[in-house]
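Okay, so here's the structure we're looking at.
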Amino acid sequence: MSPTSHPGPGPESRGPRRADHRASTAPDRRAAPGPQHRSGHRAPGQGEPGGARIPHSRVGRRPAAAGPRQPSLAQLRAFAAVAEHLHFRAAAAEIGMSQPALSGAVSALEESLGVQLLERTTRKVLLSPAGERLAARARTVLDAVAELVEEAEAVRAPFTGTLRLGVIPTCAPYLLPTVLRLVHDRYPELDLQVHEEQTASLLDGLSSGRLDLLLLAVPLDTARGAGAVHCLPLFDEDFVLVLPRDHELAGRADIARERLRQLPLLLLDEGHCLRDHALDVCREAGRTDGPPVTTTAAGLSTLVQLVAGGMGVTLLPRTALRVETARNDRLTTGTFSDPAPTRRVALAMRTGTARQQEFEGFADALRKALAQLPVRPVQPDDPAPTATACGTAAD
């Protein structure tokens, strides 16, 4: 008869006992005493009604032997120090541990791993063959943990580690000296890496994680991937008309925008922000057809040389004037009457970046540093300039 069909509730009819630590290390005091067969089963009539027997696997089985315990970092440090010095006193002094504690840590490691790591004598300490192999591995683990801790500290500490900064070509030559000086003087632990690219490429790099922060003109074109970008404005700056020295508008400080309707305006190549800026200025001046495009340049240095050669006029941001016009005495400038065409320059970061607080601090410091240039610093909550030449930035 099976145990479950017997009407009387025997001692084991409520299911198997829990094979806890007490069941595996001491006799089960709850079981009725009685003779045992060598096979490990109870004798008939003992523990089961009707003489039914329960296999030994149901009662009193010892838990499976556990594998090696995980060593602690303290044990690994102790062993690595002994392996390096082969002397307990020197090893203990190196890691700031007492000799008894050091010896105990190494012994605990040997027990955890199940191998003998050291050969101890009254005069010296030697590494066992297993200790020779595992000493190098222990040092590798400790070095990796140290690097992990350092990396975590760098993440917590602002202005440390790597900052990959993307800059547009119409800002890089004129703003980077100030940026680099600020980083060198104020953030010596910051590894700044600079990438000069057009806006479309910069935005791609920001969204993909290739770049961390951008320095460019705003507002940005959301169609070019700027939808997930948060901008920190730095400054506004006016555009200045660059002319041949003998031009009729040379030196004027009250040039009306309408004069741009007839001027031969030289432009940068397609994809450059200043090209779009210049076309915006022309449209604001009432020039609907845009300037005839017969000559273009890939950079501002070439553009101003074309102006010096009498091929036309161009617009430059005020921060570029000293660098681009001071080298040529055949160039001069003219400024617009208020409100002058203006562009805003900002730092751009990924929305929700973990480094937002750090980047905001960097923007504050950079805003102050750039105030020495011919710009008007702006705060994050300042409205965009009313007379801007930057509708959408392409570079």
Side-chain angles (χ1 to χ4, degrees), residues 18-27 60-164 183-193 209 212-213 353-362 365:
R18 294 174 55 192
D20 58 9
H21 178 70
R22 290 173 297 177
S24 63
T25 58
R61 167 181 281 185
R62 292 181 179 273
R69 289 176 292 173
Q70 292 291 331
S72 69
L73 291 178
Q75 293 169 357
L76 292 176
R77 290 191 185 98
F79 170 54
V82 174
E84 179 179 352
H85 293 280
L86 295 179
H87 194 285
F88 275 91
R89 182 183 300 172
E94 178 186 325
I95 63 177
M97 183 181 288
S98 67
Q99 283 186 245
L102 178 76
S103 179
V106 175
S107 296
L109 179 62
E110 291 178 316
E111 182 179 352
S112 296
L113 299 178
V115 295
Q116 181 180 348
L117 301 173
L118 303 178
E119 296 178 4
R120 302 167 176 85
T121 68
T122 56
R123 296 183 178 181
K124 59 183 178 179
V125 178
L126 298 176
L127 289 174
S128 69
E132 291 278 1
R133 294 180 57 183
L134 296 180
R137 187 62 59 88
R139 176 51 58 191
T140 300
V141 171
L142 292 173
D143 290 344
V145 171
E147 291 175 2
L148 175 66
V149 173
E150 290 176 2
E151 188 67 22
E153 291 175 349
V155 171
R156 291 196 309 269
F159 311 114
T160 59
T162 301
L163 174 59
R164 297 163 296 181
V183 171
H184 179 271
D185 295 342
R186 188 162 179 175
Y187 310 118
E189 300 300 319
L190 188 63
D191 177 19
L192 182 64
Q193 301 175 3
D212 303 311
L213 194 63
T353 177
R355 303 177 71 178
Q356 178 171 343
Q357 187 174 1
E358 176 184 354
F359 292 160
E360 289 174 348
F362 184 68

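Ser103 approaches Phe88 most closely through the heavy-atom pair CA-CE2, 3.8 Å. Between Tyr187 and Gly361 the shortest heavy-atom distance is OH-O, 4.1 Å. When all heavy atoms are compared, the tightest approach of Ala105 to Ala74 is CB-O, 4.5 Å. Smallest separation of non-hydrogen atoms from Ala83 and Ala135: CB-CB, 3.8 Å.
Arg133 places none of its side-chain heavy atoms less than 4.5 Å from the side chain of Val115. Counting only heavy atoms from C-beta outward, the side chains of Phe159 and Glu189 never approach each other to under 4.5 Å. Considering only heavy atoms from C-beta on, Arg120 comes within 4.5 Å of Ser107 through its side chain. Side-chain contact check for Arg355 versus Leu213: every heavy-atom pair is 4.5 Å or farther apart. Side-chain contact between Leu142 and Arg77 is present, with heavy atoms from C-beta onward closer than 4.5 Å.
Rounding to the nearest 0.5 Å gives a distance of 8.5 Å between CG of Leu113 and CZ of Phe79. Here Thr160 contributes atom OG1 and Glu358 contributes atom CD; the two are 7.0 Å apart, rounded to the nearest 0.5 Å. For the atom pair CD1 of Ile95 and CG of Leu102, the computed distance is 5.0 Å after rounding to the nearest 0.5 Å. To the nearest 0.5 Å, atoms CG (Leu118) and CG (Leu126) are separated by 9.0 Å. To the nearest 0.5 angstrom, Thr353 atom OG1 is 7.5 Å from Asp212 atom CG. Between the CD atom of Gln75 and the CG atom of Leu117 there is a distance of 10.5 Å, given to the nearest 0.5 Å.
The local environment of CZ in Arg137 is sparse, with at most 12 non-hydrogen atoms from other residues, nucleotides or ligands closer than 6.0 Å.
Between the side chain of Arg164 and the main chain of Gly209, a donor-acceptor pair closer than 3.5 Å is present. Side-chain N or O atoms of Glu119 include none that pairs as donor or acceptor with a backbone N or O of Ser128 at under 3.5 Å.
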